[in-house]
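Below is one structure, written out as structure tokens, with a few remarks after it.
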Amino acid sequence: MARKNKKNSKINQKIRKYFDDDPFDVGIERVDGKMLSELFATLGIYDIDHNKTLMVKTLRMIWSEAESAMRRDILTFFESDGRVYKSLKVKPEVGFDREAKIEALIEELEATPMEALRLREAYSHVRSKKITIEKMESSLRHIRFEIKKEKLERELEGSFDIDDSFEFNASLKYELYEQHFHKILTLNTKPYTYEYLQEAPFEAIVEKIAHDKVETVQHKQKSIDKFLSSLKYPHSYLTTKQILDSLRASPPKTKVNYPLITQKVLKEIIEAKIDVDAIEIHDEEVLLRLTEYAVLPYSELKMDYYLELHIELEGLLEEIWNSKRFNFDAVLAEAKKEHEEEFYSSLEALVQECAKYSMLLHLSDEELHQKVYEFLFELMPKSLIITPKIAKKIIRRFVRSIHDELIKKQRQELLARTIRDFKNLFPIARTMHRKLILHIGPTNSGKTYKAMQTLKEADTGYYLAPLRLLALEGYETLKAEGIESSLITGEEQILDEEATHISSTIEMMNYDVDVDVCVIDEVQMIDDRDRGWAWANAIIGAPAKEVIMTGSANVKEAIIALAEYLGEELEIIEFERKNPLELLASATAVKDVEAGTAIIAFSRKDVLRLKQNFSKDFEVSVVYGNLSPEVRREEARRFREGETQVLVATDAIAMGMNLPIKTVLFSKAEKFDGISQRKLQPSEIHQIAGRAGRYGLHENGYVGALNEDALKIVKRNFVKEAHKIAIPFKVMANLEHIKLVAKILEENSLEEILRFFIKNMVFDGPFYASSLDDMLEAAKIVDAYDLDIATKYHLSCAPLTLKSPYIIQAYESYLLALEQKEQVHYYPPKLGGSYAQTSEDLLRAEDMVKEISLYLWLTYRFGDYFVDEQKARQYRGVLNKYIEESLQQTHLAQRCKLCSAVLPINSNYNICQRCFKKNYVRKRGRFNS
């Protein structure tokens, strides 16, 4: 670059030769139009309007912007022409230099030697051509004014200030607290105008300023005397010594009207009024630095910062010297408000900028602010000033922090679009021209029997049951007809390679096996809070030419809506009950209960209590959910074959158990549904009551209650229609869907995948994602182990009792073995005796059976690791026998909750007599004494 500039400079100097020593921009104007046209032609520029003004303007632009080569071409053109374009202006004579010119003009101005000297100094660095007689005349006037002011300053012993007031030193007297001293102060008269100082005679000005000096001193002395006399004694802020020291130490000249106070004393006074970190005293102000805090929006976080207070020194000194009460509260509040308002405004702008980058994440205001605060504290220690540089840093870090979340969100949106239309997740069912048939009617109407007859006649078929017990009954029914069948439940698989039919629990359905007929039993379960998704998935995805659904009448409208969504043909067949069901007019006393009666309770505890009560007069069977299917089946058999006369059961009998029940009596008409204790709904009463009166056994069925309160609720709801099941339905992803989600989201946490499905999926059809609380709890457990997503999914579907610590402990030991790829053997627990002595012993045995069911379930899926299938199955038989023997006992005792001693039969208390005396009687006696 330097070499280029040097070249251009040489060319510029050379071309001046042809323009009478003028630069190119000036000389080019003197070239005629013809020569300019020739120059453009030489340069190869033809598309130019040959107007002289335009050509000159263009050449000036070319000269200023062109490279050295273009300038060299222009120089060569004028060198070839050789002509010099003379200037019309008069040039100074050659050899007439700056010094000579200055001397000539000084002579002409008749300046004194002093004036001449200053003129020479003023123009010593000015170019000769810029020096004119007019400029030197103006400079001479100014020099003469300055010389006059200097003479006045010497005469009057002072100096003119910037405003042309006269500044001088004077001795002033201070009398205070019997102390007398003089102090030199710098004073100023009033300002004088430029015209007065320039035009008035010297002597007159001297006389005027001398008079003004005397008046200024007198005025200042009066001011000091007045100030000193006004000082209070004792002073509010200063000691006598501090006052005298401050007056003596105050500098002669200050920018404030009050005596300065030493920094040390001033700090002491300020710190007594306000908690400050630092104090700086300047000419006109005091700077205070304090630590304050601002509460950050959408949080309870406090951000410390340094706040600077600028206090006017004049006002502060006035309040101190005059002993006025002062505080900084108002100033602090105003400064804090102004500083924080500016911060909050900058913060909001910063947050809004970050919000633009995180729109896809749909962060709440709280979440958005919290993410910004992570970087705010790091980058802004003790400050509330968000500079553009800091803002850029925070935004960059914010964007980096949400990068992975944004990628995940984008993948989630892709996934949501991929599987939004839920029916398309079942490709085999969609390729088949399915026909849907709905059998609806009350219990004991033959609707399931008719569906099973169609299933038996089909070449291939599927029976989907709500319970393992019913799946087993379906399997045995098919086998009894000579139909090759397989049984698939969560706990057991009996596989026949030649099977044409499969009977399974509904959750175990295989969507890859196409059949002619599929029977889906108890279809009203589609409305169940926890398991309804299994019925919805089965209806949508069952790969069968003919799908027969059986259920109660209240499901009709829902199935019609589902068929419309699927675009499939629906036939509805309505069934009537085969024998009448009669509602008893009054409550049935315990003594009036007859054989063939089912007593309904809604908890295991109530079932066992009622069983003991009725065991006085009857042989009793019991059925409740915690019993294994084998025990429930055995208890039902005993009742069916007359070995027992009374059945005490929970609402587990409501679903498809065919028993010779004549009368159903409710012990209560309310239940705990997992969320709250509530009264029975009409649909529940219909379903349970419908078990009374079996066609061909009892012509009439009877429904009642053991007490009037329960009977009132039963009567009121018995005649009501069950609430109609309405859309939308709950649906749930199967393993293939889970794998798809895991792949797109690059996620191996089953809980995260399930929560994504529950929270983020929006379907085009009448569906929403099931809550799957139990599966989520299981997912939390399996996520703690290093397993692949398919294994985690299978394990989360395992038959678990999450409320049983015994089962959860076994479950976690199995997960650890799978993680470590170790074999798991089954070790049977020891039992005391051939039956349970207490209800707690019975509960423990029930949990042992569930543990075996879990173990067997795992043998079907992970047979290489769970190797004791036969041993576990054998011991399940032992445990079931133990439980059956226990249930046949007349009484089951309870244990004391404090010492575990067995309590007397039918004890009204949950602690023993010994513990009562030890823990309550003794304390009460101590209190009374």
* Beyond-backbone contact of E721 with N554, side-chain heavy atoms, under 4.5 angstrom -> no

* To do: Please examine the side chains of T663 and L584, heavy atoms only from C-beta on, and report whether any two atoms are closer than 4.5 Å.
  => yes

* Asked: Counting only heavy atoms not in K479, do more than 12 fall under 6.0 Å of its NZ?
  -> yes

* To do: Output the distance between atom CD1 (I725) and atom CG (D527), rounded to the nearest 0.5 Å.
  => 4.5 Å

* Would you mind reporting whether E546 and T454 have side-chain heavy atoms less than 4.5 Å apart? => yes

* Asked: CG of N880 to CD of E846: how many Å apart, nearest 0.5 Å?
  -> 10.5 Å

* Under 3.5 Å, is there a donor-acceptor pair linking the side chains of N700 and N579? -> no

* Considering all heavy atoms of both residues, which atom of L754 and which atom of L776 are nearest to each other, and what is their separation? -> CB-CD2, 3.7 Å

* Heavy-atom distance under 4.5 Å between the side chains of K556 and E574, does that happen here? -> yes

* How many angstroms lie between atom CG of L610 and atom NZ of K605, to the nearest 0.5 angstrom? -> 12.0 Å

* Short question: side chain of T597, backbone of V593 - any donor-acceptor pair under 3.5 Å? -> no

* Asked: Looking only at atom types and distance, does a side-chain atom of S804 sit under 3.5 Å from a main-chain N or O of T801, one as donor and one as acceptor?
  -> no

* To do: Could you tell me which non-hydrogen atom of V519 sits nearest to which non-hydrogen atom of A451, and how far apart they are?
  => CG2-O, 3.7 Å

* When rounded to the nearest 0.5 angstrom, what is the spacing between CD1 in I502 and OG in S486? -> 6.0 Å

* Asked: For A471, does its backbone N or O pair with a side-chain atom of S503 as donor and acceptor, under 3.5 Å?
  -> yes

* Asked: Is there a donor-acceptor contact under 3.5 Å from the side chain of D592 to the main chain of T588?
  -> no

* More than 12 heavy atoms from other groups under 6.0 Å of CZ on F618 -> yes

* Asked: How long is the span from the CD1 atom in I428 to the CG atom in D514, to the nearest 0.5 Å?
  -> 6.5 Å

* Under 3.5 Å donor-acceptor, R430 side chain and K423 backbone -> yes

* Would you find a donor on one side and an acceptor on the other, under 3.5 Å apart, between the side chain of E571 and the backbone of I437? -> no

Donor-acceptor contacts, no H, no angles, side chain residues 455-467, under 3.5 Å, sequence neighbours left out:
unit_1	atom_1	unit_2	atom_2	d
K456	NZ	Q453	OE1	3.3
T460	OG1	D516	N	2.9
T460	OG1	D516	OD2	3.1
Y462	OH	N510	N	3.0
Y463	OH	D521	OD2	2.8

* To do: Please test D847 against V849 for side chain to side chain contact (heavy atoms under 4.5 Å, CB included), starting from the C-alpha separation and ending with a verdict.
  => CA-CA 5 Å; D847 279 351; V849 174; over 6 Å; no

* Structure fact -> Which of D651, T650, V714 passes side-chain contact (heavy atoms from CB on, under 4.5 Å) with I688? It is D651

* Hey, are the side chains of V517 and H501 touching, using non-hydrogen atoms and a 4.5 Å cut-off? -> no

* Does W535 reach the main-chain N or O of I506 with its side chain, forming a donor-acceptor pair under 3.5 Å? -> no

* **Audit row: N537, E507, side chain to side chain contact (heavy atoms under 4.5 Å, CB included) steps and yes/no** => CA-CA 9 Å; N537 282 26; E507 285 89 348; over 6 Å; no

* Structure fact -> Heavy atoms of E851 and Y806 approach each other most closely as OE1-OH, 2.8 Å

* What orientation do H439 and F575 show, parallel under 30°, tilted 30 to 60°, or perpendicular over 60°? -> tilted

* Do I539 and M549 pass the side chain to side chain contact (heavy atoms under 4.5 Å, CB included) test, and can you show the C-alpha distance, the side-chain angles, and the key distance before you say yes or no? -> CA-CA 8 Å; I539 296 168; M549 299 161 279; 3.9 Å; yes

* Structure fact -> Heavy-atom nearest pair, L800 first then A778, reads CD1-CB, 4.0 Å

* Asked: With the threshold set at 4.0 Å, does a side-chain nitrogen-carboxylate oxygen contact exist between K447 and E576?
  -> no

* Looking at D841 and R844, does any basic side-chain N land under 4.0 Å from a carboxylate oxygen? -> no

* Would you please test E564 and E568 for side chain to side chain contact (heavy atoms under 4.5 Å, CB included) and show each step? => CA-CA 7 Å; E564 289 176 355; E568 295 178 332; over 6 Å; no

* Less than 4.0 Å between a side-chain N and a carboxylate O, is that true for R632 and E635? -> no

* Please list, chain by chain and in numerical order, all residues satisfying side-chain contact (heavy atoms from CB on, under 4.5 Å) with E569, sequence neighbours excluded. => K435

* Would you say the side-chain atoms of Q524 pair up with the backbone N or O of S552, donor to acceptor, closer than 3.5 Å? -> yes

* To do: Would you check if the side chain of R577 reaches a backbone N or O of T443 as a donor-acceptor pair within less than 3.5 Å?
  => yes

* **E557 side chain reached by I560 side chain, heavy atoms, under 4.5 Å** => yes

Only pairs under 3.5 Å count here: list side-chain donor-acceptor contacts from residues 701-709, not counting sequence neighbours, and write none if there are none.
unit_1	atom_1	unit_2	atom_2	d
N707	OD1	D709	N	3.3
N707	OD1	A710	N	2.7
N707	ND2	S667	O	3.0
E708	OE2	A587	N	3.2

* Hey, could you give me the CE/OG1 distance between M452 and T550, rounded to the nearest 0.5 Å? => 10.0 Å

* To do: Decide if atom NZ of K881 counts as having more than 12 heavy atoms of other residues, nucleotides or ligands within a radius under 6.0 Å.
  => no

* Can you name the nearest heavy-atom pair linking F639 to L647, along with the distance? -> CE1-N, 3.7 Å

* Note: K679-E670 ion pair, threshold 4.0 Å (strictly below) -> no

* V664 and A692: which non-hydrogen atoms are nearest, and at how many Å? -> CG2-CB, 3.7 Å

* D606 side chain to F602 main-chain N or O, any donor-acceptor pair under 3.5 Å? -> no

* Check whether any side-chain heavy atom of V622 sits under 4.5 Å from a side-chain heavy atom of R638, and report yes or no. => no

* Asked: Is the shortest heavy-atom distance from the side chain of I559 to the side chain of L436 under 4.5 Å?
  -> no

